[in-house]
Amino acid sequence: MEETISLKELFETIKKRLWLIALITIVTTTTSGVVSFFLITPIYESSTQLLVNQSKSDQSTVDVNQIRSNIEIINTYNVIIKSPSILDKVSEELDSNETVGSLNSQITVGPEGQSQVLKITVQHPDPSMAAKIANTTAEVFQKEVINLMNVDNVTILSPAQMGESPSPVKPKPVLNMAIAMVVGLMAGVGIAFLLEYLDTTVKSEQDIEKLLGLPVLGTITVIEDKDIQEAVANRKARTRGETVGS
């Protein structure tokens, strides 16, 4: 019985402050949409793939240990690609305002699964610059790794390309608005229950029973001035009617 009453009170609280919950949800969702569509700079992504081997010798046979060694050394290539020795030359070839620090934050390097393929991913506000940075980084690494690691068979599998109508990878307005709607709904419900908890005024017989733990024996009806005037007028009318009849 107590659980039923508690659940009923929860729904009553939500119903009573439904306007507040709806308002907070609408405000958070709208704000997220405005920020995502108009204030956040869209970021585009472009990537290129490299095939890395340790040596060109004996390419007719497949050595499992050789492949395993190649996969392990990819972690070293990750560090080399994002090192100043590579990014300095990339910055020079780009002939732009991109510094080593900005390039380092824009470039992500990682293996494709457990393969010998290395993927260079670039995120940039300009889609054409993202593809240019990815391709330039791959080309510089292909040249410089010969001197750094004695590797002379780095192959560019798929250069980065910019499509006809590139789409930004972030922000994602629809996803952001959906998250904001859920957060706003949760915040609205939380605030509604907080206000209900802080409200200690007595408004009904149920509040008295809950507060004092005693049953209500009776209530006094509030009589408005309008009701009194109507009652007096009706009584006078009845009195006049009785006088005329007598």
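With sequence neighbours excluded, the residues that form a side chain to side chain contact (heavy atoms under 4.5 Å, CB included) with T76 are I73, I80, M149. Scored by the side chain to side chain donor-acceptor pair (under 3.5 Å) test, E98 finds S102, Q106, H124 as partners (sequence neighbours excluded).
Taking 4.5 Å as the limit, some side-chain heavy atom of L148 sits within range of a side-chain heavy atom of I86. Counting heavy atoms from C-beta on, the side chains of Q142 and L50 never come closer than 4.5 Å. Counting heavy atoms from C-beta outward, V154 and L118 have side chains that stay 4.5 Å or more apart. In this structure the side chain of V122 never reaches within 4.5 angstrom of the side chain of S47, judged on heavy atoms. Put simply, the side chain of L103 does not reach to within 4.5 Å of the side chain of T137, judged on heavy atoms. Side-chain contact check for L185 versus T28: every heavy-atom pair is 4.5 Å or farther apart.
Residues G184 and I24 come closest through the heavy atom pair O-CG2, 3.5 Å. T48 and P159 make their closest contact through OG1-CA, 3.5 Å (heavy atoms, listed as atom of the first residue, atom of the second, distance). In this structure, S91 and T99 approach most closely via the heavy-atom pair OG-CA, 4.3 Å. Across every non-hydrogen atom of A138 and I156, the tightest pair is CB-CD1, 4.1 Å. Shortest non-hydrogen contact noted between A160 and A134 is CB-CB, 3.8 Å. The heavy-atom pair separating Y44 from P127 by the smallest distance is CD1-CD, 3.6 Å.
Under the 4.5 Å side-chain heavy-atom criterion for ILVMFWY residues, a single connected hydrophobic cluster contains both V100 and V140. No chain of hydrophobic side-chain contacts below 4.5 Å, direct or via other Ile, Leu, Val, Met, Phe, Trp or Tyr residues, connects F141 to V117. Under the 4.5 Å side-chain heavy-atom criterion for grouping Ile, Leu, Val, Met, Phe, Trp and Tyr, I120 is connected to L94 within one hydrophobic cluster.
The structure places CH2 of W19 at 7.0 Å from CG of L23, a figure rounded to the nearest 0.5 Å. Rounded to the nearest 0.5 angstrom, E92 CD and T136 OG1 are separated by 12.5 Å. With rounding to the nearest 0.5 Å, the separation of CD in E93 from NZ in K89 is 9.5 Å. Between atom CD of residue E112 and atom CD of residue Q49 there is a gap of 4.5 Å, rounded to the nearest 0.5 Å. Between the CG atom of N135 and the OG atom of S158 there is a distance of 9.0 Å, given to the nearest 0.5 Å. Between L198 atom CG and I191 atom CD1 the span is 11.5 Å, to the nearest 0.5 Å.
In this structure, Q161 places its CD atom where only 12 or fewer heavy-atom neighbours from other residues, nucleotides or ligands lie under 6.0 Å away.
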* To do: Please test L20 against L195 for side chain to side chain contact (heavy atoms under 4.5 Å, CB included), starting from the C-alpha separation and ending with a verdict.
  => CA-CA 11 Å; L20 178 63; L195 293 176; 3.6 Å; yes
* Asked: When you look at L10 and F193, which way does the side chain to side chain contact (heavy atoms under 4.5 Å, CB included) test go after all the steps?
  -> CA-CA 8 Å; L10 292 179; F193 282 110; 3.4 Å; yes
Output a table of donor-acceptor pairs, distance under 3.5 Å, between side-chain atoms of residues 167-180 and any protein atom two or more places apart or on a different chain; print 'none' if there are none.
residue, atom, partner, partner atom, Å
K170, NZ, Q123, OE1, 3.3
N176, ND2, S36, OG, 3.1
N176, ND2, K172, O, 3.4

